[in-house]
Amino acid sequence: MAYDEGLAERIRDRLGADPDITEKRTFGGLAFLHRGNMAVGVSGDDLMVRVGPDNADAALARPGTRVFDMTGRPMRGWILVDGTALTEDDVLGRWIDEGRAFAASLPPK
């Protein structure tokens, strides 16, 4: 499955030239890592966000979200945000900031 390159570009614009951020191609998608820990990514038209187990329920209560489950086993602390819920830059920006903040709280890999 191809990923939404437009969404990926919007993420790049938001992350700017942060030297702690790297990009990595994944199984049909693209991941943005903070010091080796995935923060956000693009899968198809959706945004993957690593919010952490303690923040997952609150994140899933927001519009356009669902559990991240690609293998039949939901990933704790991860959510998917439907691309149609990301038309506003400030909405996308808040999700990116949340993913980056959680990844930054983890030890570097």
Side-chain angles (χ1 to χ4, degrees):
M1 171 197 298
Y3 64 89
D4 182 339
E5 183 58 48
L7 179 55
E9 191 59 36
R10 289 174 65 206
I11 294 169
R12 287 184 194 104
D13 289 345
R14 177 68 179 211
L15 294 172
D18 184 338
D20 290 329
I21 300 291
T22 56
E23 286 184 34
K24 183 177 181 180
R25 290 199 179 262
T26 60
F27 302 101
L30 183 66
F32 294 86
L33 299 90
H34 181 275
R35 293 184 169 180
N37 292 295
M38 189 168 154
V40 296
V42 183
S43 178
D45 295 331
D46 299 330
L47 178 70
M48 299 178 287
V49 185
R50 189 173 188 183
V51 295
D54 294 340
N55 300 320
D57 288 339
L60 288 168
R62 292 164 57 185
T65 60
R66 65 186 184 279
V67 173
F68 180 54
D69 180 356
M70 293 183 73
T71 63
R73 291 181 54 194
M75 293 184 63
R76 287 182 29 89
W78 293 80
I79 62 160
L80 283 175
V81 183
D82 191 274
T84 61
L86 301 169
T87 57
E88 300 293 326
D89 287 338
D90 61 327
V91 173
L92 174 62
R94 282 193 298 273
W95 283 119
I96 293 169
D97 292 347
E98 285 183 46
R100 180 170 31 181
F102 182 76
S105 75
L106 301 171
K109 287 186 176 180

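- Both Ile21 and Leu92 are assigned to one and the same hydrophobic cluster, defined by single-linkage of ILVMFWY side chains at heavy-atom distances under 4.5 Å.
- When the side chains of ILVMFWY residues are joined at heavy-atom separations under 4.5 Å, either directly or via intervening members, Ile96 and Tyr3 end up in a single hydrophobic cluster.
- With sequence neighbours left out, the side-chain hydrogen bond (donor to acceptor under 3.5 Å, both in side chains) criterion links Thr87 to no other residue.
- Across Gly99 and Val40, no two heavy atoms sit closer than the pair CA-CG1, 4.2 Å.
- Here the shortest heavy-atom pairing between Ala103 and His34 reads CB-CB, 3.8 Å.
- Every residue meeting the side-chain contact (heavy atoms from CB on, under 4.5 Å) condition with Asp97, not counting sequence neighbours, appears here in chain and number order: Arg14, Arg100.
- By the side-chain hydrogen bond (donor to acceptor under 3.5 Å, both in side chains) test, Arg50 is found to be paired with no residue, residues two or more places apart in sequence or in another chain being considered.
- Across all their heavy atoms, Thr26 and Ala31 have their closest contact at CG2-CB, 3.7 Å.
- The salt bridge (Lys or Arg N to Asp or Glu O under 4.0 Å) contacts involving residues 55-64 comprise Arg62-Glu98, where partners must be two or more places apart or lie in separate chains.
- Considering only residues two or more places apart in sequence or on other chains, Asn55 meets the side-chain contact (heavy atoms from CB on, under 4.5 Å) condition with Val51.
- Cluster membership check: Val91 does not share its hydrophobic cluster with Phe102, using side-chain heavy-atom separations under 4.5 Å among Ile, Leu, Val, Met, Phe, Trp and Tyr.
- A distance-only check finds no donor-acceptor pair linking the side chain of Asn37 to the backbone of Ala104 [under 3.5 Å].
- Inter-residue side-chain proximity for Leu60 and Val67 is flagged as met; some heavy-atom pair is nearer than 4.5 Å.
- Pairs of residues two or more places apart, or lying in two chains, that qualify as salt bridge (Lys or Arg N to Asp or Glu O under 4.0 Å) and include a residue from residues 28-40 are Asp20-Arg35.
- Of all heavy-atom pairs between Gly64 and Ala85, the closest is CA-CB, 4.0 Å.
- Rounded to the nearest 0.5 Å, atoms CG (Asp82) and CG (Leu47) are 10.5 Å apart.
- Residues that satisfy the side-chain contact (heavy atoms from CB on, under 4.5 Å) test with Asp90, not counting sequence neighbours, are Glu88, Arg94.
- Atoms CG and CZ, on Leu86 and Arg10 in that order, are 6.5 Å from each other to the nearest 0.5 Å.
- Remark: Phe68 CZ to Leu80 CG distance equals 5.5 Å, nearest 0.5 Å.
- A pairwise comparison of heavy atoms in Lys109 and Gly36 identifies CD-O, 3.4 Å as the closest pair.
- Screening residues 22-32 for salt bridge (Lys or Arg N to Asp or Glu O under 4.0 Å) gives Arg12-Glu23 as the qualifying pairs, with residues at least two apart or on separate chains.
- Screening residues 63-78 for side chain to side chain donor-acceptor pair (under 3.5 Å), with sequence neighbours left out, gives Asp46-Arg66.
- Between Phe32 and Met38, every side-chain heavy-atom pair lies at or beyond the 4.5 Å cut-off.
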